[in-house]
Amino acid sequence: MERIKTAIVGASGYTGQELLRLLLVHPQVELVAATSRQEAGKPLSAVFPRFRKLPGAELPFIEPDPDAIAATGAQAAFLALPHGVAAEIATALLERGLKVIDLSADFRLSDAAIYEEFYGHAHPAPALLDEAVYGLPEVREDAIKAARLIASPGCYPTSIILPLVPLLKAGLIDPETIVANSLSGVSGAGRKADISLLFVECNESVRAYGIPKHRHLSEIEQELSLAAGEKVTITFIPHLIPVNAGIATTITAKLRGGVDAAKVGEALEAAYSEAPFVRLLGKGGCADTKNVTRTNFIDIGWHHDSRTGRVILTSAEDNLGKGAGSQAVQSFNIIFGLPQTAGLQTA
Ligand SMILES: NC(=O)C1=CN([C@@H]2O[C@H](COP(=O)(O)OP(=O)(O)OC[C@H]3O[C@@H](n4cnc5c(N)ncnc54)[C@H](OP(=O)(O)O)[C@@H]3O)[C@@H](O)[C@H]2O)C=CC1
Ligand SMILES: CC(=O)N[C@@H](CCC(=O)OP(=O)(O)O)C(=O)O
């Protein structure tokens, strides 16, 4: 099979680097373009010496110009760009016939008014919202197969939506009682100059932020509402912790009256026993980021708190992996008819 010509737009950032790490060695991919305004003209290997001697590592970064990207013959482009910027380039690349897998939040919400409410500016390309597919392969595999434009989910949302969807679909928990606490490594904030993200500022610091209305609530509530068949509103408390990467999430919700707690395990098993990247830890299992960093796995465990009638779910993923880059590659694999695991079997 001929390899799929692929571009990474915004390849010098953290998720861009994760995409480079995966796509330079993906057996069905030929990386034909990687963009960065700051690094244009330099070979990938000069900017990221870790890639030296890998095939393709001498490719030079180019400017993020849609004509230049299309001229490389790229059939697909991953966008690892800031919100707002991605929508514009996505539009231009779709017009040039490429499939687009966008890692930003620009196409995750189906309602432009909610985008404006949470992102503080009008949606840059509302005409594309209807056709964009929320790229959570465990929930939307069929829609992803037919998609031209994938909105790859946010890092926190992936860690919250995947444990909850089976329980909401089965009607096991009361949607009004959901509380999610997440702890994220600092790479979740991107590779930008920001005093609050300096080593000395973060290294001995653990703190909540973004409460009570972090922007990820918009997509979390959209997806949970679809699963529950009713409007779901949750409490979400993100925290920044002093590690490079990884998200640990703990969710609690009240079981509906009369529900046997064993049904929680059964619902998770029924949803994910065949999913190659969801690892169920069972009742009593506690997910740990050390087992998932640099992989596309999400680990999920659960407990029953019989004193409060609550279920407690834990999940762990890599924010740059299942929360971003490798999950985007999983969607790419589905679009191009490859096994979901192609290029992603790492531990
Ligand atoms: N970090 C994470 O854990 C996750 C991030 N995401 C999302 O993925 C996207 C990328 O995130 P991340 O990699 O962290 O971001 P970074 O800030 O680390 O990287 C951004 C990239 O975009 C390029 N870029 C920035 N501004 C522009 C512009 N105006 N025009 C063209 N290129 C530009 C940068 O290169 P240069 O400036 O040289 O052009 C760089 O390559 C974001 O939308 C983010 O929200 C999603 C899930 C998780
Ligand atoms: C630690 C940290 O700052 N995390 C980021 C979320 C990660 C991210 O990049 O958001 P998207 O997944 O929507 O692109 C934040 O809270 O804004």
Side-chain angles (χ1 to χ4, degrees), residues 7-21 33-42 44 47-48 61-66 68-69 77-90 92-93 101-109 115 118-120 124 134-136 150-161 182-194 196-197 201-202 205-211 213-220 236-249 293 317-328:
I8 304 171
V9 189
S12 60
Y14 286 148
T15 61
Q17 280 176 65
E18 180 64 4
L19 288 166
L20 282 172
R21 186 176 79 86
T35 84
S36 162
R37 296 164 307 166
Q38 288 183 51
E39 311 295 355
K42 298 181 198 158
L44 303 181
V47 178
F48 299 123
F61 278 101
I62 61 170
E63 293 283 346
D65 167 42
I69 296 165
F78 289 85
L79 308 187
L81 300 166
H83 315 307
V85 179
E88 208 177 300
I89 294 190
L93 293 176
I101 298 127
D102 178 21
L103 279 72
S104 87
D106 279 352
F107 298 104
R108 294 179 193 157
L109 301 171
Y115 181 92
F118 279 84
Y119 287 85
Y134 193 73
L136 202 50
I150 294 289
S152 221
C155 46
Y156 288 124
T158 300
S159 76
I160 295 168
I161 296 167
S182 295
L183 314 177
S184 172
V186 183
S187 60
R191 190 179 185 224
K192 55 180 178 278
D194 179 333
S196 70
L197 301 175
E201 304 296 326
C202 298
S205 155
V206 176
R207 61 184 165 88
Y209 71 100
I211 42 180
K213 199 178 170 191
H214 189 279
R215 62 192 167 83
H216 279 174
L217 274 168
S218 52
E219 66 187 276
I220 293 167
F236 167 48
I237 309 161
H239 299 73
L240 192 67
I241 58 165
V243 296
N244 283 356
I247 287 184
T249 285
T293 41
E317 65 175 26
D318 188 333
N319 54 293
L320 298 175
K322 184 65 176 159
S326 56
Q327 173 145 266

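Reckoned from all heavy atoms, side chains included, excluding hydrogens, waters and symmetry mates. Both counts, for ligands and for their atoms, begin at 1 and track the order of listing.
The option with the heavy atom closest to atom 47 (C) of ligand 1, from among Pro153, Gly323, Ala328, is Gly323. Within the set His216, His239, Arg215, the minimum heavy-atom distance to atom 17 (O) of ligand 2 is found for Arg215.
Below 3.5 Å of separation, one finds no N or O of Tyr156 facing any N or O of ligand 2. On a distance-only criterion, Ser104 and ligand 2 share no N/O pair closer than 3.5 Å. Here's the thing with Pro64: none of its N/O atoms is less than 3.5 angstrom from an N/O atom of ligand 1.
In Asn319, neither the side chain nor the backbone holds a heavy atom less than 4.0 Å from any atom of ligand 2. The proximity of Cys155 to ligand 2, defined as any non-hydrogen pair under 4.0 Å, involves the side chain as well as the backbone. The proximity of Glu219 to ligand 2, defined as any non-hydrogen pair under 4.0 Å, does not occur for either the backbone or the side chain.
The contact set between ligand 1 and Leu320, taken as ligand atoms under 4.0 Å from a residue heavy atom, comprises 1 (N), 2 (C), 3 (O). Annotation for ligand 1: atoms under 4.0 Å from non-hydrogen atoms of Ser12 are 34 (C), 35 (O), 38 (O), 40 (C), 41 (O). Below 4.0 Å from some heavy atom of Ser104 lie the following atoms of ligand 1, by number and element: 43 (O).
Heavy-atom distances between Ser184 and ligand 2 reach below 4.0 Å in at least one pair.
Note: Tyr156 and Phe236 have perpendicular aromatic rings, judged against thresholds of 30 and 60 degrees for the angle between ring planes.
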